[in-house]
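First up is the structure itself, then whatever we jot down about it.
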Amino acid sequence: MVKVLPLSDEPKKAYYLEDWEKAKGYTQPLPFAEGKSITLGVDDALARINVKSDTADLMLFDGRDRAQNGWFVLRSLIPSGKTTGAIVWHIRPDVIPNWTRTPMIAHSQVGYAPGFSKVAVLELDPKYNGPKTAKVLRLAEDGSYQQAFAGPITPSTPWLRYVYSKFDFTPVKDPGLYVIEYADQRTAPFPISNDAYANIWQDSLDHHLAEQMDHVSVREAYRVWHSASHLDDGRLAPVVGEQFDGWNQATATDGKYKGGDHIPGMNVGGWYDAGDFDLEEPAQLSVIQSLALAYREFNLKYDELTVDEVGREVEMHRPDGVPDTVEQVKHGALYILAQFHNIGDAIRGTHEPDLRQYTHLGDGASKTDGRIYDPKLGPNEVKGDYSGKPDDRWIFSTNNAFFQWNAIASLAASADVLKGYDDALAKDCLDTAIKAWNDEKAHPTQNTAGGGLGGAAPAGAPGGGVLAASQGAMSGTQGDGSSTPASSATTSTQPVPSAGFGRGGFGTGLDWAAALELTIATNGAEPYKSRLKELFPQMITPQQMGVRGWTSVRALPYLDASAKDQMREAVKAYMAGLDKQLDATPFGVPPSLGTWGGSGAVVDMAIRMYFLHKAFPDLVGPEYTLRAVNYILGTHPVSSTSYVAGVGTISKTKTYSNNRADNAYIPGAVIPGYIIIKPDFPECIDDFGFLWFEDEAVVAGSASWVVAGNAADAITRESK
């Protein structure tokens with residue numbers, strides 16, 4: 001490394017980049033090799049590439065000396081004053097004549113239930129001329145394989161770069177361990193069993209979501225995942241305009257506090273968003289609503305965690321008598337209640353004040369000193385619970401009806417779940433939700449960009465789930481402060497509405513989730529029940545059914561008897577066009593066509609179709625949910641690796657989580673999955689964990705997977 005001070009005539013950078021460069025000491029890496037020619041992968045014909053320069057020297061850098069997610073970088077410096085022909089490179093990859101890609105057999109890595117569809121998808125090179133049949137072999141106790149089934153594969157269908165055939169082995173029903181064999185390829189073993197889907201969601205609940213819990217320490221046996229973090233939260237963000245990762249504080253909207261002020265009571269609850277440690281508000285709301293739904297729908301009494309909110313301690317694999325879903329809902333509710341009690345309304349989220357802190361990898365508790373900032377103290381001065389270090393996270397306020405209404409919904413859902421476990425907190429949640437409802441009705445929140453809506457995930461990011469319109473669950477950054485570009489994918493979800501979306505919630509339908517959850521929490525009280533009835537017709541339109549209209553099935557017990565007939569007709573219309581949409585890919589799920597992997601849209605499909613199947617089994621079969629779940633578990637393009645870390649025979653074990661620098665993973669983390677390198681190359685690299693758009697696991701995605709996994713298990717058990 002070498003120190004290079006900025007030149008006097010350099011263009012001024014954004015304030016946070018200037019601060020970051022200063023914090024890093026203005027250092028830059030030096031090349032460890034220079035020359036006119038370089039050959040990469042010289043001993044590997046499949047990877048060999050030669051680059052020759054006719055002009056300036058090639059310079060090879062190791063980007064890891066700046067950041068753990070750095071790549072090897074090859075560059076040439078442009079000579080001063082050159083405007084044409086400044087850099088001339090010749091890039092020549094090796095080409096193997098008539099090379100064809102090995103067949104890939106995509107299947108569920110957790111296996112299949114006996115009485116349900118079992119379809120593997122073969123991804124083939126267009127030039128591959130292979131057999132027209134495939135086999136299923138059963139693994140015996142002595143390690144031998146015996147053929148259990150043989151059948152034809154379907155004619156190949158082109159999609160993107162490859163062609164695809166399907167192998168239907170549904171007739172195989174006997175419980176046991178099996179492999180699929182096609183040509184000279186054989187899969188890893190997978191089970192066929194009645195409980196194939198029984199445990200696929202557990203790691204997401206008691207491992208990934210637990211590890212992401214903020215403001216508490218999290219221990220697993222000998223390992224401390226992190227100590228109690230961000231106990232100095234937080235300060236109202238100053239008016240800095242656009243910050244890194246798309247966050248924005250254009251105005252200080254809360255009259256009680258001004259920019260830079262400490263807001264008491266905000267150091268409770270919440271989950272780290274993903275590989276980063278900020279608290280994205282849409283993610284918090286989505287996790288609460290998803291886990292509340294999972295608890296109520298599936299009577300989810302699973303208990304593997306001990307959670308002590310007062311002592312700020314969490315321990316894995318130690319039951320404490322309270323269901324984990326209840327404890328997680330409580331953890332999220334504490335964070336939302338803190339917003340209403342200390343600020344007065346829902347916020348944009350809690351975010352790091354500078355890039356140096358934002359790019360932290362390691363124990364979240366070591367990001368800050370845990371002491372409240374006091375500007376009267378010196379930079380290294382400590383006085384009790386206060387210090388002169390301005391490392392406290394910033395609280396970004398907002399004036400946005402979408403956040404407000406979904407916070408009300410989350411509190412109402414929390415109240416319903418917490419009854420019987422923490423009645424005082426349940427009452428606080430319900431009372432706060434009702435007061436906020438009344439306040440919104442009397443004085444509708446304006447949707448402004450004052451608090452910033454940046455940092456929201458592109459459509460299709462993991463974690464729409466119950467909060468189907470919320471895609472702010474992921475603030476996908478590359479570790480250098482640059483934010484995720486918007487996706488062009490067509491998915492079953494929609495992005496967070498921003499300025500101009502409409503005034504308040506009444507008249508726009510933004511209050512649907514709040515009306516639904518308050519109706520349930522109050523057992524059909526007014527005015528929430530009437531608001532449900534009023535909104536119901538617009539919720540069940542074809543345009544809404546694939547977004548949040550499906551949640552209308554949960555409203556049916558509180559509506560007139562005719563409502564179910566109306567919804568039946570709406571579901572018929574929805575299903576009429578759905579298959580055509582899903583047939584756009586060989587996998588029968590929403591495609592991933594944007595700059596962010598599309599597994600979130602697929603998980604949303606699994607949840608949506610489960611509830612529609614449950615309400616209208618004659619119109620919606622079980623195969624939609626199982627197809628979506630099997631996709632996440634390995635029946636997808638590129639490879640058959642399960643997108644849920646640690647779940648399945650072969651799963652993604654290098655993920656873009658906050659332990660990515662260890663080349664490791666957090667069990668239960670759900671990755672975004674493949675993207676398309678233009679024009680037609682699907683990519684999801686198994687043995688590399690630094691591609692956030694393929695590998696970053698968000699908390700809302702894990703919570704949604706808890707619902708989807710339980711849905712698959714419930715469907716396969718319903719026929720017993």
Checklist entry - For the atom pair CD1 (I153) and NZ (K166), what is the distance rounded to the nearest 0.5 Å? => result 13.0 Å
Next on the checklist: Set out, in order, the CA-CA distance, both residues' side-chain angles and the distance that settles side chain to side chain contact (heavy atoms under 4.5 Å, CB included) for I675 and W596, then state yes or no.
Outcome noted: CA-CA 6 Å; I675 65 162; W596 185 269; 5.8 Å; no
Checklist entry - Between the side chains of T635 and H107, does any donor sit under 3.5 Å from an acceptor? => result no
Item to check | Donor-acceptor under 3.5 Å (S53 side chain, A56 main chain) | outcome: yes
Item to check | W550 and F611 aromatic centres sub-6.0 Å | outcome: yes
Checklist entry - Does the S642 side chain pair with the main chain of G634, one donor and one acceptor, at a distance under 3.5 Å? => result no
Next on the checklist: Let me confirm one number: the CG-OG1 distance from L177 to T649, rounded to the nearest 0.5 Å.
Outcome noted: 8.5 Å
Item to check | Side chains of S144 and Q146, donor plus acceptor under 3.5 Å | outcome: yes
Checklist entry - Quick one: does P590's side chain get under 4.5 Å of L582's, heavy atoms only? => result yes
Checklist outcome for this item: Scanning both residues in full, the closest heavy-atom pair of A294 with V707 reads CB-CG2, 4.0 Å
Item to check | V110 side chain near P191 side chain, heavy-atom distance below 4.5 Å | outcome: no
Next on the checklist: Do R608 and T625 make a side-chain contact, defined as non-hydrogen atoms from C-beta onward lying under 4.5 Å apart?
Outcome noted: no
Item to check | Identified side chain to side chain contact (heavy atoms under 4.5 Å, CB included) partner of I666 from the options T655, N659, L209 | outcome: N659
Item to check | Student check: side-chain heavy atoms of V51 and L58 closer than 4.5 Å | outcome: yes
Item to check | Distance-only polar pair, side chains of Y164 and E123, donor-acceptor under 3.5 Å | outcome: yes
Checklist entry - Looking at CH2 of W71 and CG of D62, how far apart are the two atoms once the value is rounded to the nearest 0.5 Å? => result 13.5 Å
Next on the checklist: For L40 and I38: C-alpha separation, side-chain torsions, deciding distance, then whether side chain to side chain contact (heavy atoms under 4.5 Å, CB included) applies.
Outcome noted: CA-CA 6 Å; L40 312 173; I38 185 172; 3.7 Å; yes
Item to check | Aromatic ring proximity, centroids under 6.0 angstrom, Y197 and Y112 | outcome: no
Item to check | Trace of the side chain to side chain contact (heavy atoms under 4.5 Å, CB included) decision for I676 with F681 | outcome: CA-CA 5 Å; I676 298 170; F681 182 73; 5.8 Å; no
Checklist entry - Do you know which two heavy atoms are closest between F149 and V172, and how far apart they sit? => result CB-CG2, 3.5 Å
Checklist entry - Distance-only, no hydrogens or angles: does the D278 side chain make a donor-acceptor pair with backbone N or O of E280 under 3.5 Å? => result no
Checklist entry - Are the side chain of S592 and the backbone of G598 linked by a donor-acceptor contact shorter than 3.5 Å? => result yes
Item to check | Pair Y674-E683, side chain to side chain contact (heavy atoms under 4.5 Å, CB included): steps then yes or no | outcome: CA-CA 5 Å; Y674 82 94; E683 175 191 271; over 6 Å; no
Checklist entry - Hey, does T585 have a side-chain heavy atom less than 4.5 Å from the side chain of W159? => result yes
Checklist entry - Under 3.5 Å, side chain of E696 to main-chain N/O of P672, donor-acceptor pair present? => result no
Item to check | Nearest atoms (heavy-atom pairs only) where V670 meets S204 | outcome: CG2-OG, 4.3 Å
Next on the checklist: Quick check: closest heavy atoms across I671 and S599, and the distance to 0.1 Å?
Outcome noted: O-OG, 2.7 Å
Item to check | Closest contact, heavy atoms only, P586 versus V121 | outcome: O-CG2, 4.2 Å
Next on the checklist: Tell me whether D142 at atom CG has more than 12 heavy atoms from other residues, nucleotides or ligands lying less than 6.0 Å away.
Outcome noted: yes
Checklist entry - So, the side chain of R627 versus the backbone of G588: is there a donor-acceptor pair under 3.5 Å, distance only? => result yes
Checklist entry - So does K127 pair up with D125, basic N to acidic O under 4.0 Å? => result no
Next on the checklist: Looking only at side-chain N and O atoms, does H207 offer a donor or acceptor that is under 3.5 Å from a partner on E220?
Outcome noted: yes
Item to check | Cationic tip of R101 above Y162 ring, under 6.0 Å, 45° of axis | outcome: yes
Next on the checklist: Tell me if the centroids of the rings in F277 and Y272 come within less than 6.0 Å of each other.
Outcome noted: yes
Checklist outcome for this item: Between C684 and G673, the two heavy atoms sitting closest are SG-C, 3.8 Å
Checklist entry - Should the pair H636 and Y631 be assigned to parallel (<30°), tilted (30 to 60°) or perpendicular (>60°) ring geometry? => result perpendicular
Checklist entry - Distance-only, no hydrogens or angles: does the R186 side chain make a donor-acceptor pair with backbone N or O of E181 under 3.5 Å? => result no
Item to check | Audit row: F61, F32, ring-ring contact (aromatic ring centres under 6.0 Å, His included) steps and yes/no | outcome: CA-CA 6 Å; F61 296 84; F32 63 85; 8.2 Å; no
Item to check | Ring centres under 6.0 angstrom apart (Y182, F167) | outcome: no
Item to check | G646 backbone acceptor or donor facing S651 side chain under 3.5 Å | outcome: yes
Checklist entry - Side chains of S704 and I607: closer than 4.5 Å at any heavy-atom pair? => result yes
Next on the checklist: With heavy-atom distances below 4.5 Å as the criterion, would you say the side chains of I715 and L626 are in contact?
Outcome noted: yes
Next on the checklist: If we ignore hydrogens and angles and just use 3.5 Å, is the side chain of W89 paired with the main-chain N or O of S76 as donor and acceptor?
Outcome noted: no
Checklist entry - Out of curiosity, L619 CG to L612 CG, how far, rounded to the nearest 0.5 Å? => result 9.5 Å
Checklist entry - Between atom CD of Q185 and atom CD1 of I105, what is the distance when rounded to the nearest 0.5 Å? => result 6.0 Å
Checklist entry - Should E718 and T716 be marked as a side chain to side chain donor-acceptor pair (under 3.5 Å) after you check the CA-CA gap, both sets of side-chain angles, and the distance that decides it? => result CA-CA 6 Å; E718 71 184 13; T716 55; over 6 Å; no
Checklist entry - Does any pair with a residue in residues 634-659 pass salt bridge (charged side-chain N to carboxylate O under 4.0 Å, His left out), and if so which ones, sequence neighbours excluded? => result K652-D695
Item to check | CG-CG distance between D276 and L361, expressed to the nearest 0.5 angstrom | outcome: 10.0 Å
Checklist entry - Just checking, any donor-acceptor pair under 3.5 angstrom between side chains of H90 and D54? => result yes
Checklist entry - Any side-chain heavy-atom pair from R717 and D195 closer than 4.5 angstrom? => result yes
Next on the checklist: Checking the side chain of W201 only, and the main-chain atoms of A198 only, is there a donor and an acceptor separated by less than 3.5 Å?
Outcome noted: yes
Checklist entry - Has I87 got more than 12 heavy atoms of other residues, nucleotides or ligands less than 6.0 Å from its CD1? => result yes
Checklist entry - Going by atom types alone, do Q212 and N658 pair a side-chain donor with an acceptor below 3.5 Å? => result yes
Item to check | Ring centres under 6.0 angstrom apart (Y656, F693) | outcome: no
Item to check | Any side-chain donor near an acceptor of the partner, N50 and K52, under 3.5 Å | outcome: yes
